[in-house]
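Below is one structure; the comments refer to it alone.
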There are 2 protein chains.
Amino acid sequence: MNLILLFETDFSGEGHRVRLGGRRLGHLRDVHRAAVGDELCVGLAGGLIGTGRVVSLDSDAAEMEVRFDRSPPPPLPVTLILALPRPKYFRRVLFTVSALGVKRIFVVNSYRVEKSYWQSPFLGRPQVEKQLVLGLEQARDTVMPEVLFRPLFKPFVEDELPSIVRGTLPLLADPHAGEPFPRAVTGPVTLAIGPEGGFIPYETAKLLSAGFAAARLGERILNVEAAVPALLSRLF
Amino acid sequence: MNLILLFETDFSGEGHRVRLGGRRLGHLRDVHRAAVGDELCVGLAGGLIGTGRVVSLDSDAAEMEVRFDRSPPPPLPVTLILALPRPKYFRRVLFTVSALGVKRIFVVNSYRVEKSYWQSPFLGRPQVEKQLVLGLEQARDTVMPEVLFRPLFKPFVEDELPSIVRGTLPLLADPHAGEPFPRAVTGPVTLAIGPEGGFIPYETAKLLSAGFAAARLGERILNVEAAVPALLSRLF
């Protein structure tokens with residue numbers, strides 16, 4: 001937690017004072033080993049970043065006086081189209097994409113996504129938001145990403161994808177593609193990442209016909225947790 | 001497991017025939033749902049890649065006829081100097097660096113590495129090798145990385161590091177550095193990555209005096225699991 005993310009409900013009514021309990025209190029005490037008078041990096045969800053000075057701290061709550069004075073880091077100009085990964089990886093991928101600055105993720109089905117993954121409790125709104133918040137706190141960002149689930153591949157690709165890719169460079173990560181992945185692009189990108197084993201030929205064909213270009217990072221097949229930061233860091 | 005990594009001890013004496021049990025058998029049956037006659041990607045530890053044809057399969061063992069005909073992917077020309085991460089992250093980082101093609105990793109101490117991390121069972125040789133093998137199987141590689149533990153920072157930096165960095169570009173990943181991280185370098189690199197919270201100023205100064213240049217990937221602070229693929233994918 002390199003930043004403590006604050007929400008409107010944390011404000012105790014007295015202007016610039018927030019009151020924290022639960023996970024954030026535990027982290028302040030156990031990891032930061034904070035004491036009264038310490039100053040820590042804080043951010044207002046969806047808003048500015050600043051500093052919080054600890055004014056009281058006990059086993060029930062921490063109170064801080066906060067002021068906000070600077071913008072969060074710029075978002076990555078990318079929309080991610082991600083085949084639903086195995087649930088335990090999905091949690092970590094949410095954390096990572098949030099930390100990397102992705103602000104819109106469509107989680108889509110694919111033939112190679114096991115049906116049971118769609119029933120996982122990790123897809124629940126609170127579980128998803130928890131990982132996104134932890135990612136923002138890691139990277140000192142305040143702007144929550146949007147995570148949109150699309151359990152039907154064909155209608156998503158046919159009906160929604162055309163307007164998503166408009167004005168962007170649509171890229172499909174594919175270890176078997178002939179073209180290398182581009183570096184340091186300047187405009188917005190729509191990046192599609194398949195499941196373990198890749199999209200099936202029908203799905204790849206649908207994406208290509210929606211304007212995607214297949215490109216490879218290298219001949220090594222990476223798992224999704226490593227592929228996401230590797231691809232985004234190459235692109236931007 | 002995109003490749004089944006084979007060791008000399010898997011060969012049953014009859015030339016090109018291997019016999020597999022345990023984890024690899026389980027994976028063949030449960031994930032690949034392999035049947036007699038199927039052909040799967042195999043690799044000989046430290047050697048070539050090829051194909052294995054399943055000739056028998058039951059609950060005790062799988063037998064395959066193997067032939068090897070091509071080289072594994074080239075290694076990344078990098079030596080990694082990594083402050084020991086929290087043990088549960090360390091396991092995953094080992095998997096990732098192995099998949100990415102890193103072949104030499106020095107795991108070093110830092111003031112901000114908790115002493116207890118050095119006592120973790122995840123630092124044991126079998127646990128380390130397990131993650132490295134899984135990483136190679138993910139990326140279809142056969143060449144095991146070397147992982148070397150250096151629990152004393154100062155003697156490592158003073159006595160060993162000079163010969164490690166010789167002939168390489170020594171880079172220190174530092175989110176507070178002024179210089180951006182270079183892209184697509186051509187020669188070998190020595191890449192140092194600090195602990196959560198970063199190297200302390202004394203340690204950074206020691207690395208700079210050993211020839212390292214500090215460079216940043218961006219203003220976002222990434223956790224080590226995301227930083228490693230992001231940095232390596234930017235560099236190579």
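Letters A, B, ... are given to chains in the order of the sequence lines, protein chains preceding strands, and every chain is numbered from 1. All values below come from the heavy atoms of this structure, side chains included, with hydrogens, waters and symmetry mates left out.
- For A227(B), no part sits under 4.5 Å from any heavy atom of chain A, backbone or side chain.
- Other residues, nucleotides and ligands contribute only 12 or fewer heavy atoms inside 6.0 Å of the CD atom of E179(A).
- Atom CD of E225(B) sits about 8.0 Å away from atom CZ of F95(A), to the nearest 0.5 Å.
- Taking each heavy atom of Q138(B) and N223(A) in turn, the nearest pair found is NE2-N, 3.2 Å.
- Counting non-hydrogen atoms of neighbouring residues, nucleotides and ligands closer than 6.0 angstrom, the OH atom of Y111(A) reaches no more than 12 such neighbours.
- Contact annotation: the side chain of P229(A) never approaches that of L222(B) to less than 4.5 Å [non-hydrogen atoms, C-beta and beyond].
- Within the 4.5 Å cutoff, the side chain of R140(A) has no heavy atoms near those of the E219(B) side chain.
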task = Before giving the answer on side chain to side chain contact (heavy atoms under 4.5 Å, CB included), spell out for D141(A) and R220(B) the whole-Å C-alpha distance, their side-chain angles and the decisive distance to 0.1 Å.
result = CA-CA 8 Å; D141(A) 193 356; R220(B) 295 169 180 278; 3.1 Å; yes
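- When each of L100(A), V228(A), T96(A), L231(A) is scored by its heavy-atom pairs under 4.5 Å with chain B, the top score falls to L100(A).
- More than 12 non-hydrogen atoms from other residues, nucleotides or ligands lie less than 6.0 angstrom from CZ of R70(A).
- The local environment of NZ in K130(B) is sparse, with at most 12 non-hydrogen atoms from other residues, nucleotides or ligands closer than 6.0 Å.
- Heavy atoms closer than 4.5 Å to chain B are found nowhere in P72(A), neither backbone nor side chain.
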message = Determine whether R183(B) and R234(A) satisfy the following criterion, side chain to side chain contact (heavy atoms under 4.5 Å, CB included), listing intermediate values before the conclusion.
response = CA-CA 8 Å; R183(B) 290 176 187 271; R234(A) 178 78 64 113; 5.9 Å; no
